[in-house]
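This report concerns only the one structure given below.
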Amino acid sequence: MIFILKDGSSFSSLKEKIGLSSSSYRLVDIYGKRVVVAWPDENLKGIKDEAVEVKVIPHAKYQLSSKAFKEKTIVKVDQVDIGGEGIVVAAGPCSVEGEDQAIEIAKAVKRSGASLFRGGVFKPRTSPYSFQGMGYEGLKILRKVKEETGLSVVSELMDVREISSFDKHIDMLQVGARNSQNYPLLKELGKIKKPVLLKRGFGNTVEEWILSSEYILLEGNGDVVLCERGIRTFERSTRFTLDVGGIVVAKTLTHLPLCADPSHPAGKKDYVESLALASIAAGADMLLIEVHNNPEKALSDADQQLTIMEFEKLMKKLKSLAIALGRRL
Ligand code: PEP
Ligand code: MN
């Protein structure tokens, strides 16, 4: 249950009442408000306090991410609004492979209408013998990309020890599918001010994915975008099964913006376009699309990365679809 404190009000009398009810609570400063998240709901029924402006209808599972708490959230990455009327596209190579490569791709995707550049520098590879990413050197390249193109940059971090470097160089921090339930990492990301792109683990339900976002929110960072990237099912004809229904459900349950990554579930570039269009039709606010200047030679995810020309063509279709849906790109 959530209690929103009135401006300038003290928490002390509410704290006493919550204490008497033997409930647990957390005081969180989020979305410009001071709120008290308390649980379990059963103990809290009937609590009234003058300092409390609104008592949110309890939702047993979700608290700060719930639509019962807040109708809509727009996450700002520098000048880019995610979750508003406009659809945001983040594009770039699976892995940053060098400065020239990154800058060439960034300039091209910007020309086609992408507003964020996504490039991986710490790569979560299944095999330790596969290319692991350029690491800290790659972070500096991403900073250079931003200076040269003006595009804000998104990149994945895997370890709490990387947070301060990412905080310095990167504008939106991606948590990948494999770390979607790395709770110590999520909690630390909740303590900084950077927007987080939280992918869904490929073995996670929608509920588990949303609850992962609660870990970040509960520390006070409300700038979280949820990203569907495909789940593992019995189907092998695509790399993962893009859960379009999961996008729809998550959108009805939470106020957080929704992103879809059509590249990883596709696994093959031929499927990316349709999955991207389907995601926008399902209500996604953002897309994450892998684009490479020479996909055949890519050091990771070669089969699913679009060429610069293919991306340009896709963006045209996405723009038409956005207009048909009363949105823009
Ligand atoms: C990626 O975005 O390059 C990536 C590794 O994605 P995921 O965590 O969804 O597998
Ligand atoms: Mn990839």
Side-chain angles (χ1 to χ4, degrees), residues 88-97 101-102 105 109 114 116-128 130-135 138-139 141-142 153-159 162 166 170-182 185-186 189 195-204 206 208-209 212-213 224-233 238-244 246-247 250 258-269 271-272 275-276 279 284 286-307 310-311:
V88 170
V89 176
C94 179
S95 297
V96 168
E97 297 165 7
Q101 174 243 23
I105 300 170
V109 297
L116 297 170
F117 179 77
R118 204 301 304 253
V121 296
F122 287 89
K123 296 304 300 178
R125 304 306 301 280
T126 303
S127 165
S130 301
F131 178 58
Q132 301 287 306
M134 292 186 75
L139 285 182
I141 293 177
L142 288 170
V153 293
V154 186
S155 198
E156 173 174 356
L157 83 174
M158 296 192 282
D159 190 321
E162 291 155 5
F166 270 70
I170 303 301
D171 305 305
M172 182 179 217
L173 310 184
Q174 176 181 325
V175 175
R178 290 155 190 82
N179 273 303
S180 197
Q181 289 184 303
N182 180 341
L185 176 63
L186 300 178
L189 293 175
V196 176
L197 182 66
L198 176 63
K199 289 219 180 176
R200 174 182 179 181
F202 44 74
N204 286 164
V206 169
E208 288 163 340
W209 177 33
S212 285
S213 76
V224 177
V225 176
L226 296 169
C227 182
E228 163 61 30
R229 50 78 70 210
I231 52 174
R232 194 156 266 170
T233 68
T238 50
R239 188 175 177 195
F240 295 93
T241 300
L242 180 72
D243 187 7
V244 175
I247 298 173
L258 259 291
C259 174
D261 164 359
S263 301
H264 289 86
K268 286 197 188 91
K269 66 178 180 174
Y271 304 143
V272 172
L275 295 183
S279 302
M286 173 179 173
L287 291 172
L288 189 68
I289 300 174
E290 290 194 339
V291 182
H292 199 283
N293 54 345
N294 187 1
E296 280 167 26
K297 292 269 158 56
L299 297 180
S300 58
D301 287 350
D303 294 345
Q304 71 198 29
Q305 301 200 64
L306 300 184
T307 62
E310 287 160 347
F311 178 69

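Counting convention: from 1, in listed order, for ligands and their atoms alike.
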I need the nearest protein heavy-atom contact for [atom]: residue, atom name and distance, please.
atom	value
atom 3 (O) of ligand 1	K123 NZ, 2.9 Å
atom 6 (O) of ligand 1	K199 NZ, 2.9 Å
atom 8 (O) of ligand 1	A177 N, 2.7 Å
atom 4 (C) of ligand 1	H264 NE2, 3.5 Å
atom 2 (O) of ligand 1	R118 NH1, 2.7 Å

Straight-line distance of N293 CG to E97 CD, nearest 0.5 Å: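 Those atoms lie 7.5 Å apart.
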Donor-acceptor pair, side chain of [X] and main chain of [Y], under 3.5 angstrom:
X	Y	result
K123	C94	yes
Q305	D303	no
E228	G230	yes
S263	I289	no

Hey, which atoms in ligand 1 end up nearer than 4.0 Å to a heavy atom of G176?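 Those qualifying, in numeric order: 8 (O).
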Tell me which one of Q304, R229, R239 gets a heavy atom nearest to atom 10 (O) of ligand 1.
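Of the listed residues, R229 has the closest heavy atom.
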- How does S300 reach ligand 1, by side chain, by backbone, by both or by neither, if only non-hydrogen atoms under 4.0 Å count?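 The answer is neither.
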What N, O or S atom of [X] is found closest to the Mn ion (ligand 2)?
X	value
H264	NE2
E290	OE2
D301	OD2

Q. Any Lys/Arg nitrogen of D301 or R239 sitting under 4.0 Å from an Asp/Glu carboxylate oxygen of the other?
A.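 Salt bridge present between D301 and R239.
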